[in-house]
Protein chains: 2
Amino acid sequence: MSKLPLFDSPEIFQKLKPYLKTERFSKGAVIEESGFISKRLFFIQSGLIRVFYRTGGKEVCCHFAKEGEILTGIDSFFTGNPSIYTTQCIEETVCHSLTKEQLEWAFDHVEGMNRMGREFVTYAYIDLVERYNSVVTMSAQDRYQQFMQTQPEMLNRIPLGYLSTYLGMSQETLSRIRAQKA
Amino acid sequence: MSKLPLFDSPEIFQKLKPYLKTERFSKGAVIEESGFISKRLFFIQSGLIRVFYRTGGKEVCCHFAKEGEILTGIDSFFTGNPSIYTTQCIEETVCHSLTKEQLEWAFDHVEGMNRMGREFVTYAYIDLVERYNSVVTMSAQDRYQQFMQTQPEMLNRIPLGYLSTYLGMSQETLSRIRAQKA
DNA sequence: ATCCCTTTTTGACTTAGATCAAAAGATTAG
DNA sequence: CTAATCTTTTGATCTAAGTCAAAAAGGGAT
């Protein structure tokens, strides 16, 4: 979910600190399972997480969140309905979290927090629009290339099987695309 | 861009009213052309607008906004870069608009405005996530069906040629899908 | 009405990418 | 180190959807 201003904003971070719950998750650990209500917003200190949902017997990754970024089952966290998303660690991960109530409190009482939230979601939205457009107008090859150019460091961190579903293509197709430009 | 709480929130609407500029655009009129900086946020009172961009010699619709909804070249409006989007009226349209400066002012001075902005973008984001997922996991047929079920009233208002690009398929494919279930 | 122009439909052909299946490489646990 | 498991690659089809081209249907203007 795009860049997170929190860690760059020491004043806000200081104010929230007393409320943050810090946890360490090992590789493969599931942080939140689909079907439950997402109760926490996570600030990722280190590590890598994938967000996925199941459809037609398959898992489709719709997001990766790494150190410095924010994570939540956004649909559920804001609406209160059970989430369709499962969040799982791809690497060992350390994160700090707030409950929804604490976040709501912060929106009302921490100066600049509401604005930060709005700007954060706005940029996440802009990012997603681009991603959406790329699936509608670009070929599988081009989508991979674009990913390679914009987040080359992620190529080694995300298993091919996860990345392919994120890019909207089969694992075999991604493997072949990767092969042809050796 | 999803539902707009503004018209449902008389207090906020009253406060903004003095600053709103009201305009009427005829069918086919271009409200903002790509390549320019999007300077206004539009509240649509009546009518229907398409947002599109050009790629590979084609126009791709990425959004439709109708009465009661909000419109802006979101990328440009918030970042200040020239927009890649053109907004054009599909029907005769009446809307009220604010400049970016006025909106910023409102975020800081109109009680509840910042929160409204954040919630608005959050819901727009959630909507878009769903749309994104549908392009990645569903067939052209299923996407059309889904659109038919969720916004049946739009079928008669949006020309097929525009709708097809919005749904991420060729005009011919959409025509054929529509034909087979007479 | 009639002409012109835009939008939609229909037909024939092509292709990107999916699926199914199996081999080859990596990782992890014991 | 070796077995067992998981991940990636390679190969052989198959199909949904795209492209190109032309006909049909709608909509405005005069």
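So you know, we letter chains A, B, ... as the sequences are listed, proteins then strands, and number each from 1.
Between B/L160 atom CG and D/dG26 atom P the separation is 14 Å, expressed in whole Å. Atom-to-atom, CD1 of A/I177 to C1' of C/dA18 comes out at 12 Å; the value is rounded to the nearest Å. B/I90 has its CD1 atom 17 Å from the C1' atom of D/dG27, to the nearest Å. Rounded to an integer number of Å, the gap from B/M138 CE to D/dA17 C1' is 16 Å. In this structure, B/R178 places its CZ atom 17 Å from P of D/dA17, rounding to the nearest Å. Look at CD on B/Q141: it is 7 Å from P on D/dA17, rounded to the nearest Å. Distance, A/L174 CG to D/dT7 C1': 12 Å, rounded to whole Å. Straight-line distance from the CD atom of B/E59 to the C1' atom of C/dT6: 14 Å, rounded to whole Å.
Across the interface with DNA chain D, nearest-nucleotide mapping of B/K58 and B/K27 shows B/K58 to be the residue nearer the 5′ end.
Side-chain proximity of A/S139 to the nucleotides C/dT8, D/dA17, C/dG17 is greatest for C/dG17. Of the candidate nucleotides D/dT8, D/dT19, C/dG17, C/dG17 has the atom nearest to the side chain of A/A140. If you check C/dC20, D/dT8, D/dT19 against the side chain of B/E172, the one that comes closest is D/dT19. Of the candidates D/dT8, D/dA17, C/dT10, the closest approach to any side-chain atom of A/P159 belongs to D/dT8.
For the pair B/R50 and B/F64, the cation does not sit on the ring face, since its NZ or CZ is not both under 6.0 Å from the ring centre and inside 45° of the axis. Cation-pi check for A/R178 over A/Y144 is not met; the charged atom does not lie both under 6.0 angstrom from the ring centroid and within 45 degrees of its normal.
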Step by step, work out the side-chain contact (heavy atoms from CB on, under 4.5 Å) result for B/M116 and B/E119. CA-CA 5 Å; B/M116 187 183 92; B/E119 290 176 352; 5.7 Å; no
Worked verdict on A/R131 versus A/Y166 for side-chain hydrogen bond (donor to acceptor under 3.5 Å, both in side chains): CA-CA 10 Å; A/R131 214 142 74 70; A/Y166 175 79; 3.2 Å; yes
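Among B/E69, B/K21, B/E23, the single residue meeting the side chain to side chain contact (heavy atoms under 4.5 Å, CB included) criterion with B/F42 is B/E23.
Applying the 3.5 Å distance criterion, the base of D/dG18 shares no donor-acceptor pair with the side chain of B/R176.
Of the side-chain N and O atoms in A/T173, none sit less than 4.0 angstrom from OP1 or OP2 of C/dG17. Taking only side-chain nitrogens and oxygens, B/S170 comes nearer than 4.0 Å to OP1 or OP2 of D/dG18.
Note on B/G168: only backbone sugar-phosphate atoms sit closer than 4.0 angstrom, heavy atoms only; bases stay farther off.
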